[in-house]
Enquirer: 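Just passing along the structure, written as structure tokens.
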Amino acid sequence: MKIVILGVGGRLGAALLREYRDKFDVTGFNHTQLDLSDLGAVREKLRSTSFDVLINVAGFTKVDLCETQPDRAFLINAEASLVVAEICDEKNARLIHFSTDYVFDGEKREPYTEEDEASPISIYGESKLAGEKNVLAAQNQNLVVRVSWVFGPDRPSFIDAMVQQAQENHEVDAVADKFSTPTYTLDIAEMLPRFFGSDAPGGILHFANAGQCSWQEYAQWAVDCCHDAGLPLKTKTIGARRLRDMANWVARRPVYSVLSTAKYTMLTGVSPRTWREAVSDYITRFYSKK
Ligand SMILES: NC(=O)c1ccc[n+]([C@@H]2O[C@H](COP(=O)([O-])OP(=O)(O)OC[C@H]3O[C@@H](n4cnc5c(N)ncnc54)[C@H](OP(=O)(O)O)[C@@H]3O)[C@@H](O)[C@H]2O)c1
């Protein structure tokens with residue numbers, strides 16, 4: 001099976017490329033090798049590449065920057081997705097496109113299902129939702145995978161910032177009134193091949209590790225795991241901050257964006273492991289050695 005991955009310079013793309021390299025015939029393109037804002041180049045490069053499955057994890061993911069550069073956000077996250085989908089359709093290839101919990105407004109207080117109406121409150125969320133619609137309109141067997149709070153070894157994210165702050169400071173705070181679920185890139189890489197086959201279901205699929213937490217609980221667990229692993233940290237307890245005190249944020253973020261993984265479990269018969277297990281695994285594997 002020939003697989004193309006767009007966005008291999010990023011957190012998820014780099015993890016997918018590494019995990020699939022020995023199992024599949026994989027070609028990866030990073031930002032420099034294929035710029036999604038150049039639609040002509042996207043057409044040319046993908047038309048001349050042979051593949052059965054295309055995984056698109058590239059995107060304009062800087063949530064605050066999207067607010068001030070909406071045209072660029074829509075070009076990369078929505079228009080380019082349509083071009084990619086059209087080429088996959090021409091080639092009769094399967095398209096797996098990644099999206100985000102930020103397509104929801106965060107007003108719910110129980111996990112969002114694939115049937116819940118998306119109603120983004122940021123340009124990033126709007127552009128990602130437009131990309132989803134383009135992908136699903138092009139070919140109804142295409143798959144849109146929504147994930148939340150992605151972390152992993154290939155690019156630092158919130159968890160790494162928290163560990164670094166806890167190494168350097170005696171007092172560290174994190175937002176205590178915003179809730180979702182961390183999703184480990186290696187767990188995404190493990191689950192995704194279940195959807196590679198041409199007869200696999202299309203549509204929208206939510207995937208995250210199991211459970212839910214605030215950023216404060218997430219950071220606290222990471223710090224606890226570091227202490228258990230014998231890593232020297234100055235901070236033991238993560239303090240609480242309120243969302244409304246995040247003055248430097250430009251974009252609005254959903255307060256609650258937990259994704260229900262019931263559909264994933266129904267389709268595969270498998271439940272994702274808990275976010276605590278995933279974080280513990282990450283800290284043990286990638287921090288204990290540092
Ligand atoms: N990170 C999260 O918490 C999170 C949460 C929910 C959903 N997601 C979704 O999951 C997917 C993967 O996210 P991630 O965490 O791996 O993000 P990431 O680390 O920011 O990776 C995105 C990649 O896209 C590349 N890119 C940006 N503009 C591009 C362009 N014009 N042409 C080609 N490539 C371009 C980036 O390159 P540069 O670095 O050079 O710009 C980067 O390598 C995305 O679809 C994202 O929306 C992420």
Side-chain angles (χ1 to χ4, degrees), residues 4-19 28-43 45-46 54-66 69 71-81 83-84 95-104 106 112 118 120 122-132 134-135 143-162 178 180-189 192 204-209 213 215 218 251 253-254 257-259 261 275 278-279 282:
V4 162
I5 306 173
L6 307 185
V8 293
R11 187 177 303 118
L12 179 53
L16 297 180
L17 182 64
R18 188 182 51 252
E19 296 301 311
F29 294 114
N30 64 24
H31 194 163
T32 313
Q33 292 161 322
L34 182 56
D35 183 351
L36 291 186
S37 67
D38 182 347
L39 302 182
V42 174
R43 282 191 191 93
K45 187 128 234 172
L46 293 184
L54 187 145
I55 306 170
N56 185 8
V57 291
F60 190 22
T61 56
K62 296 184 175 77
V63 176
D64 289 321
L65 218 49
C66 285
Q69 299 181 21
D71 293 348
R72 186 166 171 75
F74 276 90
L75 175 61
I76 297 166
N77 293 339
E79 286 175 56
S81 304
V83 170
V84 170
L95 172 57
I96 300 179
H97 177 88
F98 273 77
S99 189
T100 170
D101 54 323
Y102 278 25
V103 297
F104 294 114
Y112 282 95
S122 63
I123 299 288
Y124 170 68
E126 280 177 29
S127 66
K128 292 294 290 186
L129 180 61
E132 290 186 1
N134 284 343
V135 163
L143 184 69
V144 167
V145 183
R146 291 183 184 140
V147 289
S148 55
W149 291 6
V150 177
F151 72 97
D154 298 282
R155 184 179 266 194
S157 64
F158 171 81
I159 182 171
D160 308 286
M162 287 291 109
K178 182 182 185 328
S180 191
T181 314
T183 312
Y184 191 14
T185 53
L186 300 194
D187 289 358
I188 299 173
L192 204 59
I204 298 173
L205 183 75
H206 290 177
F207 184 81
N209 285 108
C213 58
W215 273 354
Y218 180 17
R253 272 108 166 136
S257 57
V258 178
L259 298 174
T261 54
W275 67 267
V279 166
Y282 175 58

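Numbers here are sequence positions counted from 1. First listed ligand is number 1; within each ligand, the first listed atom is number 1.
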Enquirer: With under 30° as parallel and over 60° as perpendicular, where do the rings of Tyr184 and Phe151 fit, or are they tilted in between?
Expert: parallel
Enquirer: Charged N to carboxylate O under 4.0 angstrom, Asp64 versus Arg253?
Expert: yes
Enquirer: For the ring pair (Phe, Tyr, Trp, His ring centres under 6.0 Å) test, which of Trp215, Tyr102, Phe158 pairs with Trp149?
Expert: Trp215
Enquirer: Run the salt bridge (charged side-chain N to carboxylate O under 4.0 Å, His left out) test against Asp101 and tell me which residues pass, sequence neighbours left out.
Expert: none
Enquirer: How about Asp187 and Tyr282: does a side-chain donor come under 3.5 Å of a side-chain acceptor?
Expert: no
Enquirer: Can you pull every nitrogen or oxygen pair between ligand 1 and the protein closer than 3.5 angstrom?
Expert:
residue  : atom   : partner : partner atom : Å
ligand 1 : 1 (N)  : Arg11   : NH1          : 2.9
ligand 1 : 3 (O)  : Val150  : N            : 2.9
ligand 1 : 15 (O) : Arg11   : NH1          : 2.8
ligand 1 : 16 (O) : Arg11   : N            : 3.2
ligand 1 : 16 (O) : Leu12   : N            : 2.8
ligand 1 : 19 (O) : Arg11   : N            : 2.9
ligand 1 : 19 (O) : Arg155  : NH1          : 3.3
ligand 1 : 20 (O) : Thr61   : OG1          : 2.6
ligand 1 : 20 (O) : Arg155  : NH1          : 3.4
ligand 1 : 24 (O) : Gly59   : N            : 3.1
ligand 1 : 24 (O) : Gly59   : O            : 3.4
ligand 1 : 31 (N) : His31   : NE2          : 3.4
ligand 1 : 31 (N) : Asp35   : OD1          : 2.9
ligand 1 : 32 (N) : Leu36   : N            : 2.8
ligand 1 : 37 (O) : His31   : ND1          : 3.3
ligand 1 : 39 (O) : Arg155  : NH1          : 3.2
ligand 1 : 39 (O) : Arg155  : NH2          : 2.7
ligand 1 : 40 (O) : His31   : ND1          : 3.0
ligand 1 : 41 (O) : His31   : ND1          : 3.2
ligand 1 : 43 (O) : Gly10   : N            : 3.1
ligand 1 : 45 (O) : Phe98   : O            : 3.3
ligand 1 : 45 (O) : Lys128  : NZ           : 2.8
ligand 1 : 47 (O) : Tyr124  : OH           : 2.7
ligand 1 : 47 (O) : Lys128  : NZ           : 3.0

Enquirer: Could you check Asp38, Leu34, Asp35 and say which one makes a side-chain contact (heavy atoms from CB on, under 4.5 Å) with Lys45?
Expert: Leu34
